[in-house]
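As a basis for the values below, the full set of heavy atoms in this structure was taken, side chains included, without hydrogen atoms, waters or symmetry mates. Positions are given from 1, in the same order as the sequence printed here.
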Amino acid sequence: LLYTIKFEVTMATDGVGLPMRGDIDDIVLHVETPLIYSAPMSMCAQRPVYLKLENTQPSGSFKLRGIGNLCRQAVKGGSTHLICSSGGNAGMATAYSAKLLGVRATVFTMAPGLPQPVLKKFSDLGCQVYIGGPVWDMCDTTARKFMANCQAAGEQCTYIHPFDSPVVWDGHSTLVSEMYHQLHKAGYQKPGAVVTCVGGGGLLAGIQHGMRQIEEWGTTVPIVAMETIGAESFNKAMEAGKPVKMDKITSVAKTLGALQVCEEVVKQSTDMTIISRLVDDKTAVTCCNLFLRDHQFLVEPACGATLSPIYSGKISEYLKGNTEKAGDRTDNSSVTKSSEKTGKRAGNETDNGSENTYNGADNKYNGSENANNGAEKADNGVEKTDSSPKKTDSSPKKTDSSPKKTDSSPIVVVVCGGATVDISTLQQLSADLEVDCSLDRVYRAEDMVL
């Protein structure tokens with residue numbers, strides 16, 4: 001029945017009983033998360049950047065919004081056993097919800113398994129964890145077979161799909177309504193863009209549904225949808241105009257590891273501005289390290305992909321081309337190559353300049369004189385323009401006001417979470433990918449390369 005279960009963690013309950021408090025609807029699962037201004041990331045983007053901190057949900061990720069919604073519905077319907085297949089975040093959300101709702105939970109995750117500190121979290125919640133296969137799709141099959149056996153034995157159990165459910169999308173959409181009110185309190189009518197990542201498509205579908213519920217936003221706010229190379233099922237779907245099944249997942253961003261996105265997210269993208277972009281694993285892990293340094297939050301590579309358009313300085317370039325059909329370009333190019341600094345690349349490019357992308361971010365913080373000179377040459381397109389900044393020094397004063405007018409609307413980055421990562425895992429990934437993860441760099445505004 002189970003996919004070669006060589007590993008099983010049998011989780012005993014912690015012995016701490018949580019009393020059922022009245023109506024199930026009164027039990028608080030997900031919470032409203034902060035929307036905070038990020039000074040260092042605003043410096044990179046040269047416009048306001050706000051972070052929607054979904055990593056501060058009790059389960060560690062945005063998943064608690066939609067999964068908690070589905071778990072609550074299942075328990076209200078009489079279920080006493082919740083079964084989920086997951087890369088980790090949906091499983092953690094299921095385990096947390098089950099604990100508060102007073103029912104059992106079983107989670108099937110991907111080989112080779114989860115870090116021991118993460119397994120300890122499942123243990124504390126009284127959840128059983130099994131390996132269900134090397135990719136999420138196989139975990140899904142294994143979990144459904146397990147549920148069929150439980151039902152045959154007379155159990156009242158429910159399968160908790162990690163992303164493909166209207167109930168899940170409805171739960172995730174609540175982060176958009178929160179964002180709307182939080183931005184208004186900060187003095188903004190709407191964001192210039194929302195940046196997120198895509199795995200199976202549940203989060204993106206929730207954001208799309210949430211946008212449509214706000215009259216002032218509707219389909220007008222661009223959504224930058226990031227994936228890692230090797231887990232780009234949404235990018236492929238956008239190119240094909242329908243969900244496309246990948247042969248395998250090769251990215252280290254395992255929580256993006258669905259071979260095929262849900263149909264809903266493709267359907268919802270037809271009349272919205274969706275900017276689909278890719279980064280490689282090294283770039284994603286680099287951004288995890290930068291974010292740890294800048295905001296003291298530990299996030300997983302999937303979230304690192306979300307952060308990459310800001311840290312690489314590419315966000316403005318992405319938005320300038322936001323009339324293109326999503327998926328026409330895949331781009332994680334270097335910010336240090338002069339030919340690419342112009343932002344004039346045409347369709348269907350995939351360049352793997354992650355190391356240079358990191359060096360570009362690194363140079364912003366180190367203020368390398370060579371890097372700044374190189375960037376000036378790149379901006380002007382020719383080598384001999386080293387002297388021309390003296391001519392153009394006055395023009396920025398004229399043009400400074402126009403970027404402020406056109407680029408003053410904030411970028412909102414959905415910090416999706418990191419329930420499946422611990423510091424040793426990030427350190428190991430950084431070593432494997434040869435990422436410089438030293439965190440002792442100092443910001444100086446004058447060193448920022450635009």
Legend entry - Minimum heavy-atom distance between C287 and G304, given as atom pair plus value: CB-O, 3.4 Å
Inset, instruction - In plain terms, say whether E178 and R65 are close enough for a salt bridge, that is, a side-chain N and a carboxylate O under 4.0 Å apart. - result: yes
Inset, instruction - Describe, in one word, how the ring planes of F146 and Y130 are oriented to each other, choosing from parallel (under 30°), tilted (30 to 60°) and perpendicular (over 60°). - result: tilted
Inset, instruction - Over 60° means perpendicular and under 30° means parallel, so classify the ring planes of Y180 and H184, tilted if in between. - result: tilted
Inset, instruction - Decide, yes or no, whether a salt bridge links R212 with D271 under the criterion of side-chain N to carboxylate O below 4.0 Å. - result: yes
Inset, instruction - Among I315, I223, L319, find the one that has a side-chain contact (heavy atoms from CB on, under 4.5 Å) with I275. - result: L319
Inset, instruction - Would you check if there is a donor-acceptor pair between the side chains of K190 and T220 at a distance under 3.5 Å? - result: yes
Inset, instruction - Just jot down the side-chain hydrogen bond (donor to acceptor under 3.5 Å, both in side chains) partners of E263, sequence neighbours excluded, or say none. - result: none
Inset, instruction - Given side chain to side chain donor-acceptor pair (under 3.5 Å), test K52 with T33 step by step and report yes or no. - result: CA-CA 7 Å; K52 184 60 173 163; T33 57; 3.0 Å; yes
Inset, instruction - Look only at the side chain of E264 and the backbone of A205, and say whether a donor-acceptor pair between them is shorter than 3.5 Å. - result: no
Inset, instruction - Check whether the ring centres of H161 and W169 lie less than 6.0 Å apart, and answer yes or no. - result: no
Legend entry - CA sep, side-chain torsions, deciding dist, call: C71, L101, side-chain contact (heavy atoms from CB on, under 4.5 Å): CA-CA 8 Å; C71 290; L101 294 168; 4.0 Å; yes
Inset, instruction - Just jot down the side-chain contact (heavy atoms from CB on, under 4.5 Å) partners of T250, sequence neighbours excluded, or say none. - result: K248
Legend entry - Pairing residues for R104 by the salt bridge (Lys or Arg N to Asp or Glu O under 4.0 Å) criterion, not counting sequence neighbours: E155
